[in-house]
Amino acid sequence: MAERNYEITSLGLQYQKWGWLLVITTVAVVGYILWGIFLARRKAGSVTIRRIAGLDQIDEAVGRATETARPVLMVPGLSGALDGIAVQALTIFASIIRTAARFATPIRLLNYHPAVFAVAQEIAKDVYQTEGVPDRYDVDSVRFVSDRQFAFAAAVAGTIRRDQVAAAFYMGDFFAESLIMAENANMVGAIQVAATTQFTQTPFFIAACDYVLLGDEFYAASAYLGREPVLLGSLVGADWAKLTFMGFAVVALIVHSFQSIRPLTDEQKQYFKDMGTPVLEDQEYPTRNEFFFNWISKIPRG
Amino acid sequence: MLAQSVFTSEWWRELLSPDSRWQDGSLLRITIGAILTLGLYSLLYRENKFYRFTEHIFVGLATGFSVVALVKEVLWPQWWVPMLGVPERTATADMPAVPGVDAAWLWGALLPLACLAFFVFSKKHGWLSRIPLGIIVGLWAGQQLNAFQNRFLPQVADQARPIIPGPQTGIPDAINNLIVVITWIVVLSYFVYSFEQKSKFLQRTSLMGRWLLMVGFGAIFGTTMMTRFVLFIDRAYYLLIEWLRLGAQL
Amino acid sequence: MEILIARWTVARTDANLWQVVSYAGAATLVSAVLMFLLSRIPSNFRRPLVGIFIFVAGLIWILDWALPKAAVRRASGESNPITPLPFWPFEYNLVMDKVIQASQVLSGVLLGLGVLSILRVHVKKLTKRQQDWPFSLVLLVSMAAMIVIGLGEWVASNREAAGMPGNHELVKTAFSVVFNDMLQILDAAMFSLIAFFILSAAYRAFRIRSVEATIMMAVALIVLLGFIPLAMAVTAGLPVEGFASNFRIENMKTWILLNMSTPALRAIDLGLGLGLLAMALRIMLGLEKGVAVD
Amino acid sequence: MSQHIPTDSPSPGGRGAGGEGFWHIMYAVDRRWLYLILFIIVSILVINPITVPNVEDPAAKALYDYLSNLNEGDFVYIESDWTNSTRGESRGQFEALMRLLMRKKVRFCISTLGDPQIPDIIRPIIRQIAQEPGSNNYEEGKDYVIAGYFPNLEAHVSGLVNNIRDTVKEKRIGGRSITETPVFDGIQDLSDAKCVVVITGSSTINLWYERMRAKTKLGLMCTAVMSGENIPYYVSGQLVGIAIGAKGAFDFESLLEKEWPAAENPGYKNFTSGRRYMSPLFFALMLLIFAVVMGNLAMYQLKRTGRHS
């Protein structure tokens, strides 16, 4: 047993200085989601969700590809690792591949990360098998391209232009290369549906694509397509969390309004100092940094 | 400067001169980069053999570099060196000292686990690849609680501002703050999926939310355009000034 | 090193290389045998087994988030916070160091899968003389060249740092050419292509066709003009202070960025964060089909 | 986005090639003509830049004025995170900042995050500027130091805020620690620095907002993409000033020219890539606006005449 060569001066740093409030909020959000899943599983069919426009067009897009005998392109984003975003993208792609498998439409699933490639290959293989057409599955249609951003973009742009894809689906994490892909596909007249978790790229997809899922419609997509209780339930849980945060914004508005018209007392200044966030010496009233909720989310905790 | 441009014999002599050919920033090396740049630019006209050639070079180099980086930055320092250790060496006249590293040979056990991923190509044992992949995605999932708390909660907290005009907040500030909060709430309401949007009010706010989102997206578009154009101007400088020397350098 | 693995380490000397290699080899072998046994388990246990692996991996990070961190005082004076564990001889943050290291190695090795995929596609093209096979050759050659030169340069600079003799100029120059003058230039060229695409995309999309397209166009143009000196000159006549100053184009730009765009984008971001969290929970609990075994 | 935006790009040589009138062509110009015009405009202006007038952004001017009013011998900490991928914007900002600090004889220390290559990119730039007239023959190790690359963003920023000397003392120049050089004379902790300037193309500044609580001012030079996120901090007073993109570089250069006019100070170099890139940028953006306006006019005309299919 190794001797401890140190002395603990303070335990539970992340719970100190109001940190527990942040932890509790996170736990509460987790609780909402789990509770939503629990309820939805118990009472399947009780949840309805609003229409998500771009998703209704998947069949149409794949259908057009079938007519023209040109391939369908899918890109599950440029996640830096195998993460939930890529998994979600592949879940959506599974239903696209299913349609493509039925109509014997060729597919191109181009991957940025090798681990995503591995999962994508498994999923594609499974889909063709469950549809009963394993011989239509071309191993080379699911590919790893490159894990360098612009080399990937160059290769995808080249594939789009060479194969004259009829439909293109971009789902997941996209960065600056979004427009390179989308404009090239637009040049060959492809129907494009995009959904990205990087909202900074959404405007470029809006400009170049036919349908764009905004924000977390991306996460709602699999629930919308599959109508599974678990997915619907977690969506409801997230909805409740959003409503709670909206309520919080109103409460915090009132709290901060009253805080802003009351001058700082010396005790308060001392308190701020003790908490590791001293205010300026000649400061009379709290600024944005000292407003309660803003402040507790930024206190250094060891 | 034009005296040395591509239209003069000096330029060609410098390009072909044997002495400084491979030095940093030599004309020959710039020429290689410039030709590759033009290869990628040719995509703007149409897909062609020149582009295809450049693209395949690009992908080859990029993947090769990923392999190099993997060995250099991950496998060697994170796995091989900790596994086999390094004997300590004291400094001599012409060799610097090397600190010793103990050999944690247990790292060897990681290799078969990682290699399970290669079963993805096997029909019979394909499921084994899910073990390393599952570990990776599980590790990602576990981090998300922390990420949510540290990334999103401060943003939520930041939306809360005072709306009563006071000593620090003037009337314009108060109005702005109100707009900020309302914008935030209205946009968030667009992303509520499961509540039947039968009421006219909810439909209105939801539509408002979409419009406000477009304001945000338009702002992103506007700021990004500048940056992207400057990137191209920088490339044009590289091609026309640094390579062809058609004008004065900075 | 107070971590468990410390008791499984061997101090290295110049003499015990083969001892260490055999230990590591034995560890590999034992692990391989374990993996082999894993592959033998009945198929109805596979799904829960993978589920357990996913859950435990997630739990490691959740514990790191939840276990109380501590500020400590050491004799040596260093003061980084640690995560002590009761009844356990090492700290949890040291475990996390090893977990991060292991996960980097694990996902790094997967690059091999990608390389195999590339080889499969392009070697097939090459051997079957399919369309465009010369380009596959170009790809394979440049990949091989980059690997050889890159690793060569790495070995050379390591040898140089260790003070070993030798002339490494050639490989260093070669690396500098393929990296600085080829790979990085290609990156920058591809990146800069976006300027062209942004032009054509804006031309096509910025039409007064619907309310949404019009809003997006108007805001984009105002923000853009707010960055252009000549456009700023148009409104430069307005006063800097007071109500009229709000109509200066740079102030309009700033106001939109601050009061409309930022909160709208933060709202979308919060939604994305919640979606991500829900996704993570579903993955950990094995409720997501994509990664589970069917 | 729910509405269907038609892919109205005609095949080359098809619709719009002639006979259908001006507005039909303008409604759907083959994008390759746009690309060609952009390329020609930018090429001409890169080779022969024309001088465009400047209206300085108040936020950039605030940063310049603060730095310009520093006294000789004051200390500034610079964090330079830009790489070649944002060279077009960040390099001009960086050069202008170096010129200003050197002319004011302000000591500075530069560290980099994000990419181990950055020190190799910036060192030659600084050396070159140091030899210009007006730069007071700045020497590394005497007037400024480059602390080099730090891999861990969070630890680095916290370390600087807590104990600046401990954080950088490992970095050496000429056999001694950089904290033993004259640059660090009298600098005990970060509050002895007059300003921290972050030059970045990414979001590395966020940690500074969270950690920085001392009296030291914080200045930012960022790319245009990052401006939306960071302007709030200028408004709330956490940033002393902010220079945005190529425009920010141009602002700094214009202000340098105002303080040290090249006509009165022979050999002084005030303008580099900021002004150089401004005229091509301006005309490229004008082309974009022109194209958008023409597209809309064409759409309106075609709708009016009912010839729009």
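This structure is a prediction, so every number in the text was calculated from the model and none was measured. Order of the sequence lines fixes the chain letters, A, B, ..., with proteins taken first and strands second; residue numbering starts at 1 for each chain.
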Contact check, side chains of [X] and [Y], non-hydrogen atoms, under 4.5 Å:
| X | Y | value |
| --- | --- | --- |
| B:R151 | C:D269 | yes |
| B:N176 | C:W255 | yes |
| B:Q149 | C:W65 | yes |
| B:I220 | C:L265 | yes |
| B:F58 | C:D187 | yes |
| C:E212 | B:L213 | no |
| B:W127 | C:V50 | yes |
| B:Y238 | C:I185 | yes |

Heavy atoms from other residues, nucleotides or ligands near [atom1] of [X] exceed 12 (cutoff 6.0 Å):
| X | atom1 | value |
| --- | --- | --- |
| C:M35 | CE | yes |
| B:F53 | CZ | no |
| C:L17 | CG | yes |

Short side-chain to backbone donor-acceptor contact, [X] and [Y], under 3.5 Å:
| X | Y | result |
| --- | --- | --- |
| C:T28 | B:G108 | yes |
| B:R228 | C:S192 | no |
| C:Q101 | B:Q78 | yes |
| C:R12 | B:V86 | no |

Distance from [X] atom [atom1] to [Y] atom [atom2], nearest 0.5 Å?
| X | Y | atom1 | atom2 | result |
| --- | --- | --- | --- | --- |
| C:T173 | B:R29 | OG1 | CZ | 7.0 Å |
| C:I147 | B:T63 | CD1 | OG1 | 8.5 Å |
| B:I131 | C:L49 | CD1 | CG | 5.0 Å |
| B:L111 | C:L29 | CG | CG | 11.5 Å |
| B:M226 | C:I198 | CE | CD1 | 11.5 Å |
| C:H122 | B:H56 | NE2 | NE2 | 5.0 Å |

Side chain, backbone, both or neither of [X] within contact of chain B (heavy atoms, under 4.5 Å):
| X | answer |
| --- | --- |
| C:Q184 | neither |
| C:L270 | both |
| C:L183 | both |
| C:F196 | side chain |
| C:V105 | both |

Next item on the list: List the steps and the verdict of side-chain contact (heavy atoms from CB on, under 4.5 Å) for C:F191 and B:R235.
Entry: CA-CA 10 Å; C:F191 200 177; B:R235 285 298 95 193; over 6 Å; no
Measure from the ring center of [X] to the ring center of [Y] and say whether it is less than 6.0 Å.
| X | Y | answer |
| --- | --- | --- |
| C:F206 | B:F221 | yes |
| B:W76 | C:W154 | yes |
| B:F65 | C:F179 | yes |

Next item on the list: Heavy-atom distances under 4.5 Å only: say whether B:P82 touches chain C with side chain, backbone, both or neither.
Entry: side chain
Next item on the list: Side chain from CB out, backbone as N, CA, C, O: work out which of these in B:L128 comes under 4.5 Å of a heavy atom of chain C, or both, or neither.
Entry: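 Only the side chain of B:L128 comes within 4.5 Å of chain C.
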Note to self: Checking side-chain contact (heavy atoms from CB on, under 4.5 Å) between C:L111 and each of B:V67, B:V71, B:L75, which is the one that passes?
What the structure shows: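 Among the candidates, only B:V67 passes.
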Check: What's the shortest heavy-atom distance between B:L188 and C:A267, and which atoms?
Finding: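 Heavy atoms of B:L188 and C:A267 come nearest at CD1-O, 3.5 Å.
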Next item on the list: Decide side-chain contact (heavy atoms from CB on, under 4.5 Å) for C:V109 and B:F118; before the verdict, give the C-alpha distance in whole Å, the side-chain angles of both, and the deciding distance to 0.1 Å.
Entry: CA-CA 10 Å; C:V109 172; B:F118 289 87; 3.9 Å; yes
